[in-house]
Every structure is written in structure tokens, then in C-alpha cells.
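Report on one structure; see the data block that follows.
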Amino acid sequence: MTRTMFHATAMALAVAGSTAGADEIRVLNWQGYGTDADWAVAAFTQATGHTVVHEYFNSEQEMLTKLRTNPGAYDVVLINAAFTPQAQAEGLIGPIDTAKIANLADVPADLTGNADLNAGGALHGVPWTWGLTSFAVNTTAFDTLPTSIEVFWDPAHAGKVSIRDDALEAIQFAAIATGQDINDIADLDAVRDKLAALMPQIRTYWGSENDWNQFMAAGDLDVATFWSGSASRSMESGLPVQFIVPEEGAIGWLDGLSIPASSTRTDAAHAFIDWMIDPEFYVRWAAEGAPASANAKAAAALPEDAFNKRVLGDPEVVARVQFQRPVPDETREAYLALWQELKAAQ
Amino acid sequence: MSAALAPRDRLRLLGLLTPAYLWLTVAIFLPLSAMLFFSLLSDVPFGDAPWHVTADNYLAFFQTTTYAKLLWKSIKLGLMVTLACVLVGYPCAYVLAKTIRGRAREALFLLVILPFWSNSLVRIFSWAIVLRGNGVLEVGLNAILPFEVDVNLMFSTPAIVIGLVHSYLPYVILTSYLALQAIDDSLIDAARSMGAGKLTILRRIVLPLSLPGLVAGAVLVFVPVVGSFMEPRILGGRVGTYYGTVIEDQFVAVFNWPLGAALSFILLAVVLLILAVTSPVLRRAQA
């Protein structure tokens with residue numbers, strides 16, 4: 001009897017001890033971007049005892065500002081690889097302890113070796129997802145699907161075209177249309193002319209995925225630039241759209257999960273990142289519409305007809321992708337000035 | 001005059017004025033000063049980013065033609081919307097003040113104020129549903145008219161004007177109504193008895209006497225419309241880039257608060273200038 005009592009007490013103590021070691025980690029990400037899915041957070045809490053609180057940003061600049069102004073407030077932050085070097089140089093994020101992330105072994109070397117994620121000579125962002133910025137068409141407006149980006153300039157679709165209201169995206173899009181390197185645009189005048197010719201074709205700009213879906217559903221648009229992850233969600237929801245990676249190429253982006261240098265709960269943060277690149281997490285997320293996973297095992301676990309396997313799993317498509325590199329502030333400002341000038345001329 | 005006030009009266013005056021001025025200081029003066037300060041910085045002073053005081057943000061306005069072009073476009077939009085509001089609102093206010101009495105007036109007033117009760121974003125999105133091709137307006141018109149019409153105003157300047165007029169019309173109606181109601185009916189009767197025509201009465205009596213209300217309403221419309229950004233962005237599509245949307249971009253999209261603040265103060269200065277130039281003209285018209 002006393003023995004059982006003793007055992008019960010010991011067990012209760014052990015349980016109490018393990019919960020005392022449980023941390024509350026704070027994740028900084030875009031809203032609705034995978035890490036904050038209820039089921040994912042619940043599964044993580046059940047497996048590790050750590051709880052997860054989210055905070056959101058609306059632009060990369062805002063994310064950087066939040067990291068600068070609130071040291072110690074965040075434990076995991078999503079950073080686009082094009083911004084990782086800046087965050088690292090400012091001392092905002094610390095190196096990743098690769099030994100603590102078991103699933104990292106399944107991430108291909110070309111992603112873990114990405115120059116931007118390895119800013120400062122060590123891995124500072126765990127490759128999480130990647131995707132494309134290309135375009136999607138309303139399939140009811142086309143008999144045969146276009147294969148060239150020139151469809152945006154096709155008079156047959158005048159007034160039925162949209163691109164996102166974003167300077168960098170618009171200019172890199174035009175760089176692809178003019179056959180240039182998106183990370184080193186040599187002929188900005190060609191880009192300007194190409195965009196100026198595109199303007200009269202445009203019905204409206206889109207700002208968010210929600211905008212895009214509404215405009216497409218209302219029949220306002222035939223063709224519009226779009227993100228691959230969003231396209232998979234729109235197709236999943238039944239919109240008659242198809243994502244196209246034209247022969248001219250597409251803009252690629254890579255998102256990494258980093259740990260702020262000021263984080264005090266790094267063990268829990270590493271555990272969360274490990275769960276985020278786990279195939280089990282990814283397969284379920286992909287069913288709801290997710291970008292492509294950086295984890296090869298996770299990508300392979302998708303069903304054959306899944307968007308990310310069908311479209312982005314094709315090596316020929318991937319070969320056409322130009323991945324975004326960091327953009328210096330002066331270049332960004334020049335792009336913004338050009339974009340505003342083009343918009344103001346309307 | 002205040003020198004003639006007894007100390008007790010002065011105290012009472014202070015008690016009555018303090019809450020309002022305290023509120024103005026806290027709610028307007030402080031944030032505005034903070035923005036003025038921001039507008040003179042080289043970078044947002046958050047975290048460790050280095051910054052210094054500079055006039056570059058104000059100079060940026062003059063370094064390209066983009067901002068000036070957009071400001072002029074916004075002022076034209078402001079004039080258009082104000083004119084439409086006056087043309088629609090003033091007759092309405094006249095009828096409400098001089099013709100209709102009793103319950104009917106209350107009911108009509110309610111209809112005028114109704115737009116104020118709904119969120120502005122909801123109003124604009126409902127306009128988007130109406131103006132869109134194959135939207136409520138087009139379907140409705142085609143159901144009534146014997147011939148097919150193609151109404152697709154969405155993403156055009158008329159769509160922006162319609163949305164803005166709807167949002168700001170009540171200001172003109174309310175201010176004009178108050179001014180019109182204050183006009184003594186016997187003045188109009190006297191003019192009529194002396195043989196003045198309807199137009200003469202309007203031009204010589206009603207309009208001059210109600211001008212302060214009309215001008216107040218017009219200013220209340222013009223100032224926010226010049227800086228408007230949400231309506232042009234949602235209803236304007238490709239042509240919806242205005243001075244206000246560029247300021248919004250600086251704050252929201254590119255996180256350049258100093259430039260956004262500087263552009264806002266330039267707008268404020270230009271609007272004040274316009275009001276300063278037009279007020280003597282209007283005062284003369286009234287006299």
C-alpha cells in the first residue's frame with residue numbers, strides 16, 4: 001500500500017517536473033502560414049510539452065523591425081532567404097545547432113548549402129519551404145494553355161490582366177519577360193518599357209491572395225501573376241485556374257526558419273523547427289495547400305496528383321527557376337521609384 | 001474682454017475649456033509632433049539602426065515628378081468629389097430645410113445620416129459588388145430596360161468618385177441644412193412680394209446667407225478626399241494610384257515612415273495653402 005502511494009507520488013512529481021521544463025515559445029511569421037495551424041501546434045504541444053504563441057508581421061521590413069525592437073521576445077522567426085544575410089549581419093539571428101534537428105538530414109544539400117541561408121559561414125536558417133512567383137490563368141478563357149509569359153501582352157486579353165502591387169515583384173517579372181537575370185538586371189530601361197507596355201493591359205493590381213481569388217471568381221481576370229502555394233490553394237478550392245511556369249522562367253523564393261540570437265528557449269525552438277520540416281507535418285499541411293517542402297522525404301511522401309509534386313516536382317521546371325538573392329536597399333529604392341513612376345503615369 | 005472677467009468667471013471658463021484643449025493636445029498635437037519629428041529623420045528610429053536629422057525626405061518630393069503629378073491628380077479628385085457633393089447635397093439640404101416638415105423630415109434625415117452608421121470599408125466593398133461588370137447594377141438595369149446595357153464601372157475614376165461622394169455627401173447636407181434653416185422665411189417672402197424670381201432669390205438671398213455652411217461642408221469633404229487612399233485603391237484598380245495611396249505604401253508596404261510622414265506634411269501644407277488662398281475670395285462673395 002505504502003509502496004503504491006510512493007510510486008504514485010514519484011510519478012506525479014515526474015510529470016510535474018516535465019511540465020516545469022516545458023517552455024512557451026514565441027513564433028514570428030506571416031499569419032496563416034503553416035506554423036500557426038491549430039492541429040500542428042496541438043501535436044507539437046502533445047509531443048514535447050512546449051506551448052506555442054504566435055505573432056505576425058505584414059512585411060519583411062516589419063519583421064526585421066520587430067526583431068530589432070523586441071530582443072528576447074521571439075524564439076522562432078520565418079525569414080525569406082533573401083533577407084537572412086541582413087538579419088545575420090545585424091546580429092538578429094543566431095546559428096542553428098544542426099545536431100538538434102534530426103530531419104535536417106533529409107533536406108537536400110543544395111538547400112542546406114544555400115549561400116544566403118549560410119550567411120556568416122554557418123547555417124542561420126533551416127530551409128523550410130520554397131515556391132515560385134509565376135502566373136496562373138483562368139482556364140475558361142483559354143482553349144490551349146499558354147506556355148509563354150508574352151500572354152500578358154496579348155491584346156486578346158487586354159483589360160483582363162493583373163500583377164501584384166509590389167515594386168520588386170513587378171520588376172523581376174519584367175526582367176524575366178525581357179530575358180534578364182532577376183538578381184542582376186543589366187537593362188532597366190528594357191524593364192521600364194516592358195512594364196509601360198503592360199500597364200494598359202492591366203485591369204487592377206492585386207494585393208492579397210484573397211483579392212486574387214475574388215477577382216478570378218468574378219471573371220475580372222484572365223491571367224495574373226501568382227504564387228505557387230496560393231495557386232495550389234485556389235485550385236484546391238475549385239477555382240478554374242491553372243498555374244503556369246512559362247518557358248522564359250519564373251521567380252523562386254526560399255523561406256527559412258531561424259532562431260533569434262536573443263532567444264532563451266533555443267531547445268524548444270529547435271524542436272519546433274524539427275517538427276516543421278517533419279514529413280508528417282508537411283503531408284497534412286500540403287493537403288490544405290502549402291508551398292513546396294524543402295525536405296525531400298516530405299516531398300516524396302505526397303500523393304502523385306498533389307500540386308507540389310505534379311508542377312514543382314518536375315526537374316525541368318525547377319531548372320527554369322531563378323532564385324531571389326538579397327536586394328540592396330539602393331536597388332530596392334530604385335525599383336520602387338520606377339514602379340511608382342509607372343503607376344503615377346496611369 | 002477677458003480682462004473684464006471676474007476671477008470666478010475666469011475659473012469657470014478655464015474649467016470648461018480645459019478638457020477640450022487637453023484632449024486636442026494629447027490626441028492631435030502629440031502624434032502630429034511625433035510625425036513631424038519622423039519626417040526629419042534619415043531612418044525609422046527603432047532598435048539600433050543609426051539615424052540623423054535630415055531634410056532629404058522633403059527634398060525627395062522635388063527630385064521626381066511622380067509625387068507632384070500624383071498630388072495634382074489627388075487635388076483634381078478632391079475638386080471633382082466636392083463639386084459632386086455640393087451639386088447633390090445642397091438642393092437636398094434646401095428641400096429638407098425649407099419644404100418638408102414634421103415626420104417626413106426626420107425620416108429623410110435618417111436616410112442622409114445612414115451611411116455614417118456603417119463602416120467605411122463595408123461601404124466601399126458593397127460599391128464594388130454593385131459596380132462590377134455583371135454586378136448588381138448591370139443585372140438590375142438589364143432586368144428593367146428593354147435593351148441590353150453594359151455597365152462596368154469598376155476599376156475606373158467614376159467608380160472612385162461615386163464611392164467617395166457616397167461617403168462624404170452627408171457632411172455637405174448637414175452643414176448646408178443648418179445654414180439654410182437659420183434663414184428667416186419672412187426674408188424670402190418679402191423678396192417674393194417685391195417680385196423677385198426664384199433664381200434671383202436663390203442668387204441674392206439664399207445662397208449668400210447659407211454660404212458659410214456650404215463652404216464648411218465643402219472643406220470637410222475636400223480635405224479628406226485629397227488624402228484618401230482606401231477608396232481609390234479598392235475601386236480604382238489600375239488608375240487608383242493617388243497621393244494618398246503612395247503615402248500608405250510608405251507606411252505599410254516599404255516601411256519608410258520618414259518619407260511617408262514628409263509626404264503627409266507636404267499634403268497638409270498644400271491643403272492649408274489652398275484654403276488660405278480661397279477663403280478671402282469666398283468671404284468677398286459672401287459680403
Side-chain angles (χ1 to χ4, degrees), chain A residues 57-71 86-87 89-92 158-169 198-208 210-211 214-215 217-221 262 329 332-346, chain B residues 42-50 56 60-61 63-74 125 128-129 131-136 138 152 154-157 159-160 229-230 232-243 245-257 259 263:
Chain A
F57 57 82
N58 293 308
S59 70
E60 269 95 4
Q61 268 68 26
E62 187 186 346
M63 177 266 298
L64 291 170
T65 303
K66 283 192 160 168
L67 288 180
R68 288 178 197 128
T69 48
N70 307 316
Q86 190 187 349
E90 288 188 34
L92 298 173
K160 291 271 192 179
V161 169
S162 181
I163 63 175
R164 191 161 79 98
D165 187 2
D166 179 274
L168 184 64
E169 208 170 289
L198 178 64
M199 284 299 186
Q201 296 274 101
I202 291 178
R203 178 136 181 79
T204 184
Y205 314 107
W206 62 277
S208 68
N210 188 33
D211 276 357
Q214 277 184 16
F215 295 150
D220 284 331
L221 304 175
S262 55
D329 281 347
R332 200 175 280 279
E333 276 163 27
Y335 288 178
L336 183 70
L338 173 56
W339 179 234
Q340 281 182 342
E341 178 197 318
L342 284 162
K343 283 203 301 177
Q346 299 309 304
Chain B
S42 60
D43 205 346
V44 195
F46 295 150
D48 301 333
D56 285 355
F61 180 89
Q63 274 157 5
T64 98
T65 55
T66 308
Y67 299 123
K69 218 187 282 175
L70 286 175
L71 184 55
W72 174 231
K73 194 178 163 191
S74 287
F125 271 110
I129 296 168
L131 298 174
R132 165 162 291 158
N134 207 13
V136 176
E138 186 175 306
N152 190 352
M154 193 61 185
F155 306 128
S156 66
T157 311
I160 303 173
F229 57 90
M230 182 187 74
R233 189 183 287 285
I234 294 171
L235 297 173
R238 178 169 64 91
V239 296
T241 304
Y242 283 87
Y243 196 72
T245 58
V246 171
I247 294 177
E248 187 202 9
D249 280 344
Q250 298 303 331
F251 279 98
V252 178
V254 295
F255 225 74
N256 191 347
W257 285 25
L259 180 58
L263 292 176

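Letters go in sequence order (proteins before strands), and every chain restarts at 1. Here the structure is a predicted model, which is why all the values come from computation and not from measurement.
- If you measure heavy-atom distances from B:Tyr242 to chain A, you find no contacts under 4.5 Å at all.
- With a 4.5 Å cut-off on non-hydrogen atoms, A:Asp166 does not touch chain B at all.
- With chain A as the partner, the residue from B:Lys73, B:Lys69, B:Gln250 showing the most heavy-atom pairs under 4.5 Å is B:Gln250.
- In plain terms, the two heavy atoms of A:Thr204 and B:Gly237 that are nearest each other are OG1-CA, 2.9 Å.
- Separation of atoms CG (A:Leu198) and CZ (B:Arg238) is listed at 9.5 Å; rounding is to 0.5 Å.
- Within the 4.5 angstrom heavy-atom criterion, only side-chain atoms of A:Leu336, from C-beta onward, approach chain B.
- Here B:Asn152 is the residue among B:Asn152, B:Thr245, B:Ile234, B:Thr65 with the most heavy-atom pairs under 4.5 Å with chain A.
- In this structure, A:Gln214 has no side-chain hydrogen bond (donor to acceptor under 3.5 Å, both in side chains) partners at least two apart in sequence or on a different chain.
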Residues A:Glu341, B:Thr64; criterion side chain to side chain contact (heavy atoms under 4.5 Å, CB included); working and verdict: CA-CA 9 Å; A:Glu341 178 197 318; B:Thr64 98; over 6 Å; no
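- Using a 4.5 Å cut-off between heavy atoms, B:Asn256 makes no contact with chain A at all.
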Under the side chain to side chain contact (heavy atoms under 4.5 Å, CB included) rule, what do A:Tyr205 and B:Arg233 come out as? Steps first, then yes or no, please. CA-CA 9 Å; A:Tyr205 314 107; B:Arg233 189 183 287 285; over 6 Å; no
With side chain to side chain contact (heavy atoms under 4.5 Å, CB included) as the test, would you mind laying out the steps for A:Lys343 and B:Asp249 before giving the verdict? CA-CA 12 Å; A:Lys343 283 203 301 177; B:Asp249 280 344; 3.6 Å; yes
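- Heavy-atom distances place the side chain of A:Asp220, and not its backbone, under 4.5 Å from chain B.
- Of all heavy-atom pairs spanning A:Arg203 and B:Met154, the tightest one is NH2-O, 3.9 Å.
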